[in-house]
Structures are given as structure tokens and as C-alpha cells.
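Report on the structure given below.
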Amino acid sequence: MEEDPLLTITDLRIEGRSGELWHPIVKGVNLSLRRGEVLGLIGESGAGKSTLGLAAMGFARDGCRIAGGSIDFDGINLRTAPEAQRRSLRGKRIAYVAQSAAASFNPAHKLIDQYCECPVVHGVMPREQAEADAFELYRRMRLPNPEAIGFRYPHQVSGGQLQRAMTAMAMACRPDLIIFDEPTTALDVTTQIEVLAAIRDIVRQFGTAAIYITHDLAVVAQMADRIKVLLRGHEVEEADTRSMLAAPREAYTKSLWAVRSFARAERPPATGTPVVSVRNVTAGYGAVDVLKDVSFDIHHRRTVAVVGESGSGKSTTARVITGLLPPRKGEVLFNGKVLPPNFKVRSREELRQCQMIYQMADTALNPKLRLRELIGRPAEMYLGLKGKALDSRIRDLLALIELEPDTFIDRLPSELSGGQKQRIGIARALAAEPQLIICDEVTSALDQIVQEGILKLLDRLQAELNLAYMFITHDLATVKSIADEVVVMQRGVVVERGPKAALFAEPKEEYTNLLLSSVPEMDPDWLNRLLAARAGQ
Amino acid sequence: MHGIWTMIRQRLLLGMLTLFIISAVIFGATELLPGDLARELLGQSATEETLAALREQLGLNESAPVRYWNWLTGVLHGDFGMSMATNKPISELVGTRLGNTLFLALYAAALAVPISLTLGVLAALWRNSIFDRASNALALTAISFPEFFVAYILILWLAQSGIFPSMVRMTEATTTLDFLYMAFLPALTLTLVVTAHMMRMTRAAIINLLASPYIEMARLKGMSPMRVVLRHAVPNALAPIINVVALNLAYLITGVVVVEVVFVYPGLGQLMIDAVTNRDIPVVQAIALIFACAYVLLNLLADVLSTITNPRLMHRK
């Protein structure tokens with residue numbers, strides 16, 4: 001006999017407002033969840049995943065409204081129930097774990113106070129009992145010092161620990177359902193594993209049903225019993241995890257699966273004078289050395305990927321090369337010539353040779369300037385182009401990054417999509433006609449399909465223009481697809497470096513191995529195997 | 001914890017430096033006033049000899065830096081000099097007046113701060129509602145009229161009908177309660193003038209935070225809108241609120257001139273007006289310095305309070 005589902009969503013339609021108009025975000029989605037079951041919701045940004053997840057709590061963000069359909073949670077119609085009743089369910093029977101725990105914990109209160117709020121306000125248990133319970137859940141979530149960590153403020157706790165504390169907080173009232181909204185997206189791969197394992201265990205221990213929202217297929221494969229794929233507010237397909245992974249039916253699902261298949265063959269090790277040679281650089285801020293004795297070379301037409309966790313010194317290395325942070329020891333050579341350590345004393349020609357592309361194209365582009373000025377300025381400043389010559393150069397650059405010049409040349413950044421903005425970032429770097437481009441996490445903020453487009457573009461430009469890339473990233477899948485050489489950094493030290501294929505096949509250092517093995521694979525048993533293997537060591 | 005003491009020490013030193021600069025500006029500004037002080041005091045009929053004698057007595061023959069130095073060292077010893085008009089020590093003259101002004105400021109603050117914070121929080125809670133619009137419109141109306149106009153309107157409505165007195169007459173027999181009654185209209189005028197600023201800043205500071213992920217989290221934990229605002233938004237909005245309150249408190253002390261004149265209130269503002277009319281320069285200088293002190297001290301207090309209420313500054317990693 002089939003028990004009644006815990007949550008049934010039928011033909012749900014949600015609209016968002018832009019100006020005076022309402023446009024659909026979720027366009028008639030059905031969803032059903034049994035007690036204790038974990039459903040994975042997957043799709044790109046804008047697919048309506050989070051909106052749908054929030055709707056399962058009877059909640060719509062400001063500027064959104066639930067326009068049609070029904071949401072039935074354990075016999076309660078969340079659309080027609082009075083707000084007070086919905087509020088009494090939230091936190092108590094349906095809980096939420098947000099993408100960025102660092103932003104979702106209130107900076108003004110201690111973790112334990114935020115934990116106890118739900119059980120106390122909802123009248124589930126008194127404060128003392130809630131505190132004792134918190135220590136128990138913190139322990140189960142494998143947080144260090146479970147009895148002390150709650151008395152810290154959010155800013156005193158690391159991101160991975162906060163994410164686990166937030167999962168514990170969601171568990172406080174032992175809810176029937178938890179919505180996990182991209183809970184590990186903001187974490188490093190090595191931290192992600194711990195959080196994933198802790199979440200999975202606690203959900204199983206308490207038999208909690210969960211909706212797990214993510215854009216990462218490999219992650220959802222570890223967590224979900226069933227997977228639902230969303231595209232622009234529509235359901236594409238739904239199946240249990242193993243059959244979905246083994247045989248996706250729809251073309252869109254297949255394309256998601258295939259995204260990570262882009263991989264360029266590694267070019268043979270280059271000889272001759274490297275474009276950039278970082279030699280024994282030690283650098284830091286204040287009294288702290290962030291980089292210690294860092295050395296590596298980048299050759300013409302080669303991509304060197306610098307990988308490591310946040311805080312490992314990747315971006316600081318870029319700042320040393322660009323002259324923003326003069327090193328304490330060591331030097332940077334450009335085509336065999338020593339570069340002045342401070343950018344202020346570098347010549348315009350030296351500055352021109354090395355350009356940057358940033359992670360957040362949104363904030364890296366001046367929102368008040370049109371593309372003509374954004375791209376035109378470096379061309380004018382470094383190459384002295386003016387008038388017709390400048391105009392035709394801007395058009396060439398737009399064509400180079402695959403944007404139609406006539407359509408785009410007078411647009412503002414706000415009129416572009418995320419991927420198009422990043423393309424403008426690339427064009428702006430190219431405008432100076434550099435030999436080296438430093439790409440700092442340039443694809444991290446983009447959807448996978450868009451990422452692939454950017455990577456292909458960068459690869460094509462490298463071949464055409466003979467560029468050298470320094471590619472800073474924490475995403476090893478990106479490294480696999482475009483790097484020639486890899487530099488692995490940990491706490492300011494180069495742990496290992498070498499050609500990509502060799503490094504991936506036979507990592508020599510333990511840390512490299514840890515990093516590589518932590519990248520989720522599209523196999524539902526991957527996490528189990530990995531945890532078993534690590535426990536066995 | 002010792003970080004906060006270091007900060008207070010630094011701010012105090014900085015505040016003293018500010019006051020030192022201000023004292024120079026005040027002295028310089030009064031130097032620039034046209035006319036001959038001795039002649040102003042003695043009138044047109046005075047002979048050259050008597051003028052010279054008075055100049056000598058007042059030390060006006062010294063060079064400006066020397067006179068500034070003498071004045072400053074006097075002030076540092078608590079001696080503001082003698083009033084030229086009344087020939088009394090200024091500290092004596094200012095003492096009771098300062099007390100009266102502080103009392104009125106405190107009175108107005110006791111009305112204005114709770115009212116504007118409550119209105120601000122409620123306006124944020126019920127934003128874009130009738131309540132929000134109405135309180136905004138009223139507060140803006142109040143702030144848009146000049147103080148003397150508000151004061152006369154209040155006199156017209158509340159004093160003409162005999163409910164409240166329009167003048168503050170203090171005698172030996174005046175009790176605190178009488179005082180509160182008599183000073184109600186000036187306090188209410190000041191309240192009306194400062195409420196809009198504090199209320200709108202409170203509202204804006206809270207609404208600014210309502211889009212934060214932790215506010216959404218609180219709502220998703222099933223907390224009531226009131227609790228979301230009071231417990232989750234307000235603690236994070238304290239810094240801007242404290243600063244705007246401090247600024248307005250400073251205004252209540254220094255901006256009372258017009259109100260004191262309208263209600264014939266025996267405060268510093270009145271004294272300053274009289275001193276300006278009488279060309280009683282030392283009194284003007286002393287009061288200006290006291291006003292500057294009020295600004296510096298209240299800003300220091302605001303800085304310290306915003307630091308104390310911010311866990312990120314109080315509890316390091």
C-alpha cells in the first residue's frame with residue numbers, strides 16, 4: 001500500500017514582477033515527495049529551482065507571487081492556509097538551509113541563540129533543552145567543540161562549519177521536510193565533502209524528507225533518491241538517480257551531462273624564454289607572508305592553471321605579477337627581463353603586456369559606460385587608436401568574442417547576460433593586445449553551459465593570438481578542460497606543479513591527491529567509496 | 001575588550017585636537033568682527049584717554065596670538081574670563097544657563113527619540129502602507145517649517161487657549177514638575193523639528209537590511225514580521241541609528257537659539273543672542289566652545305556605542 005505523499009505540488013505557476021509586468025518564473029510544475037525521500041532539483045540559474053523550493057514552504061520572495069496550482073503539505077493547502085498557519089509550519093515542520101550560511105546567519109547574534117530561536121518561539125521545547133539538543137546535533141554534524149562553537153558569532157566560524165551549523169539549526173525542531181538550497185556551492189571541494197557527508201547522514205538518521213537544490217550533477221548524484229531537471233521554469237524530466245545518470249532521456253539533460261566533456265588536448269611542454277617567470281616570490285600583507293617562495297613559468301600559447309582552496313594565495317600571486325603587491329623577496333621576469341616590482345614604476349608598455357579578467361564581470365565593468373567605451377579605452381590608451389581606427393578595432397574585438405558589433409557596440413553592461421558580460425571582460429583585456437592574460441576565477445559565477453562557451457572562446461583566442469594564460473580557479477573540472485600545466489597551491493606554497501595529464505594521473509603529493517579525489521564524480525556511489533577509502537587509510 | 005579603551009583614548013585625543021582647532025576658528029572669527037570693542041562699550045562720546053585705558057584694561061593692545069594664548073590657557077583652567085557687559089565671571093553666567101539648556105534638550109530628546117524610533121520601526125514594518133505614508137508626510141511637514149513658525153503655531157493652538165504657558169518664567173519656587181509643564185511647548189517644538197530626521201533614518205536603515213539573506217532566513221524560520229524587524233533587522237541597523245540620534249541630540253543642545261528666544265527660555269541660546277547684541281565677545285566665544293564640545297562628545301559617544309553594539313568589532317576572530 002502506497003502511503004500518502006508528504007508534499008504534493010500540482011501545476012504550480014509562479015510569477016515575478018519586472019516594472020509593471022508579471023512574467024512567469026515557474027510554469028506549471030508537478031512535484032511529489034514521500035516521507036524520508038530526497039529529491040534533487042537541478043537546472044541552471046534562472047531555471048526556477050530556488051523559487052520552487054521556497055514555494056514548498058508556501059513562501060514567495062518579494063516581487064514574486066504564486067499565480068496558480070496547489071501546494072499540499074501533509075494535508076494542509078499552503079496556498080489557501082492563513083499566513084499565521086504557514087508561519088507556524090516554517091522552521092518547525094519545514095526548514096530551510098540557504099546557499100551561503102555566512103550571509104544567512106544574522107551577524108548580530110550568536111549561533112546558539114539563532115539555533116534556539118525556532119524551538120523556543122514555536123513552543124517545541126524550552127531554551128535549556130534546546131541548547132542541550134544543539135550540542136548533540138553539532139556533535140552529529142561533526143563540528144569541532146560542539147559545546148563551545150554555538151557561543152561564537154557567525155564571523156568567528158569558517159564557511160564549512162557555518163554550513164553544518166545551519167543544517168543543525170534546520171534540524172532543531174526535527175522537521176518533516178528540509179529545503180537545501182545549494183548548500184555547498186560556496187565551499188571548497190575538500191570542505192564540500194565533509195558537509196555533504198554530514199548532511200546525508202543526519203537526513204538519513206532522522207528520516208527527514210528533503211528537496212536538494214543544486215546545479216552540480218555530481219553532487220546531486222550523491223544526495224538524491226530521485227532527480228528532477230528544470231529548464232526555464234519547466235520540468236524537463238524526472239527519474240530515480242541511477243536511471244537518470246545511466247540513461248538521461250531528454251536532449252537538454254544529455255547536454256547537461258555532456259558539458260564537462262569539453263577537454264582540449266594538452267600541448268607539449270614549451271621551450272624557450274617563458275612569457276612570465278615567477279622566481280622565489282615571498283609576499284604578504286602586514287606581518288603575514290601569504291606567499292612563500294613561489295616559483296613557476298608560463299610560456300607563450302600555454303595555459304597554466306593555478307589551483308587551491310580559498311586562502312591558498314592564488315589571487316595574491318596574480319597581484320604580485322601585475323605589480324599591485326610588490327613582493328618582499330624574489331622577482332617576476334617578463335620575457336626574460338626583470339619587471340619593476342611596483343606597477344607605478346612600470347612603463348606603459350610593460351603594463352600593456354599583462355591584462356586581467358575578473359570573476360565578477362558584474363562589478364568589473366563600469367555600469368555607466370557603453371561597450372564602445374569599455375573596450376575602446378584600453379585600445380586608445382595603450383595603442384593610441386583614435387576615430388575611425390578605434391571604431392573599427394572595437395568592432396573587430398566584438399566580432400572576436402562572438403558578439404554582433406552593430407547590435408552591441410552601444411549597449412550598457414546592464415543590457416547583457418552574465419556570459420556576455422564576461423565576454424566583454426575578455427574583449428577589454430584583448431584590446432591592449434597583451435601577451436599574458438590572468439584569468440581570476442572567470443567562470444566560477446557562470447552556469448555550466450555558459451562556462452563551456454567561455455572556455456571554448458578562450459581556447460580559440462589563445463590559438464589565434466598566441467596568448468599565454470594564467471588561469472586561477474578552484475574548479476578542477478575547468479582545469480581538466482583547458483590547462484596545459486597545473487600549479488597546486490596550499491597555504492601560500494606551491495605544493496606540486498607539472499603537466500596536466502601527468503599530475504592528474506599520478507599526483508605525487510598527498511594534498512594534490514586529496515584535492516583531486518574530492519572532486520565529485522557522476523556516480524551515486526562515489527561519496528560512499530571515497531569516505532570508505534579515507535576511513536580505511 | 002581593551003580594544004575599546006584604546007579606541008576611546010584615541011577618539012578623545014582626536015576630539016581635543018578638533019576642539020583646539022575650533023577654538024582657534026572661534027577666536028579668529030570674533031577677531032574679524034568690525035569695529036572697536038572699547039568704543040562699542042563706552043559709546044560715541046568717550047574720550048581717547050578713557051578708550052585707551054579700557055583697551056589697556058581689557059588687554060586689547062596685545063597682539064592677537066598673545067590674546068588667544070591667554071584666553072586658551074584661561075579656558076583650560078575653567079576660567080572663561082569676564083563678561084564685558086555684566087562684569088560677572090562667565091563661568092557663573094553660563095553655569096545655570098547651560099543647565100537649563102541641557103534640561104530642555106534632555107526633555108525634548110526624551111520625547112523625540114522614543115517617538116521617532118518607534119515610528120521608524122513601525123514605518124519599516126508596515127512599509128508603503130497608509131501608516132508609513134501618513135507618518136512620513138507628517139514628519140516631513142513638521143521639518144519643512146522653520147522652527148519659529150512651528151513654535152508660533154503651537155503657541156496659537158496650545159497657549160492661546162491657556163492649556164500650556166507660552167513663556168518660561170523661573171523663580172526660586174519652581175518645582176521640576178512646574179518646569180516640565182512650562183517647558184512643554186519649547187520641548188514639543190524641538191521634538192517636531194528633529195523627529196523626521198531620526199524617524200526616516202531608522203526606517204531607511206532597517207529597510208536597507210530587509211533584503212539581506214539573514215532576514216529571509218528569519219522569515220523562513222517562521223518568525224513574525226515584528227520579531228523579524230526587532231530581533232533580526234534592528235540590531236544590525238544600530239550603527240546608523242545611533243549616529244543620527246547623536247547628531248540630533250547635538251542639534252537639540254546647539255540649535256535651541258530660535259526656540260529659546262521665542263519662548264523666552266533662559267538657556268544658552270538666549271544668552272548667546274544677548275551677548276551678540278551687546279558685543280560681549282568673551283561670552284560668545286565661551287558659548288560657541290561649549291556647543292562645539294557638545295558635538296564632539298556626542299559624536300564620540302556615538303562611535304563608542306556603534307562599536308560596542310557590533311559583534312564583529314567587539315569579538316575578533
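Here is how names work: the chains are called A, B, and so on, in the same order as the sequence lines, proteins then strands, and each is numbered from 1.
Using modelled atom types and a 3.5 Å distance limit, the side chains of Y96(A) and D181(A) yield a donor-acceptor pair. No hydrogens or angles considered: a donor-acceptor pair under 3.5 Å links the side chains of T101(B) and E260(B).
Per-residue counts of heavy-atom pairs under 4.5 Å with chain B were compared for I94(A), N106(A), V97(A); the largest is that of N106(A). The candidate with the highest count of non-hydrogen atom pairs below 4.5 Å against chain B, out of E117(A), E83(A), M57(A), H109(A), is E117(A). The greatest number of non-hydrogen atom pairs below 4.5 Å with chain B, out of A95(A), C118(A), P107(A), is found for P107(A). When each of A98(A), S104(A), G58(A) is scored by its heavy-atom pairs under 4.5 Å with chain B, the top score falls to S104(A).
Other residues, nucleotides and ligands contribute more than 12 heavy atoms inside 6.0 Å of the CG atom of L13(B). Shown here is F20(B), whose CZ atom has no more than 12 heavy atoms of other residues, nucleotides or ligands within 6.0 Å.
Using modelled atom types, one side-chain atom of T214(A) and one backbone atom of D216(A) make a donor-acceptor pair closer than 3.5 Å. Within the 3.5 Å criterion, the main-chain N or O of R227(B) finds a donor-acceptor partner in the side chain of S224(B).
Heavy-atom distances place no part of T309(B) under 4.5 Å from chain A, backbone and side chain included. With a 4.5 Å cut-off on non-hydrogen atoms, Q114(A) touches chain B through its backbone and its side chain both. For Y153(A), the part sitting under 4.5 Å from any heavy atom of chain B is the side chain, from C-beta outward, and nothing else. Both the backbone and the side chain of R219(B) come within contact range of chain A, judged by heavy atoms closer than 4.5 Å.
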Begin with the C-alpha distance, continue with both residues' side-chain angles, and end with the deciding distance and a verdict on side chain to side chain contact (heavy atoms under 4.5 Å, CB included) for I143(B) and L140(B). CA-CA 5 Å; I143(B) 205 177; L140(B) 282 179; 4.2 Å; yes
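With respect to the salt-bridge test (charged N to carboxylate O, under 4.0 angstrom), the residues R127(A) and D113(A) qualify.
Proximity to chain B among residues 85-93 of chain A is limited to R87(A), R90(A), G91(A), judged by heavy-atom separations below 4.5 angstrom.
Classified by interplanar angle (parallel below 30°, tilted 30° to 60°, perpendicular above 60°), the ring pair F103(B)/F179(B) is tilted. Note: Y115(A) and Y138(A) have perpendicular aromatic rings, judged against thresholds of 30 and 60 degrees for the angle between ring planes.
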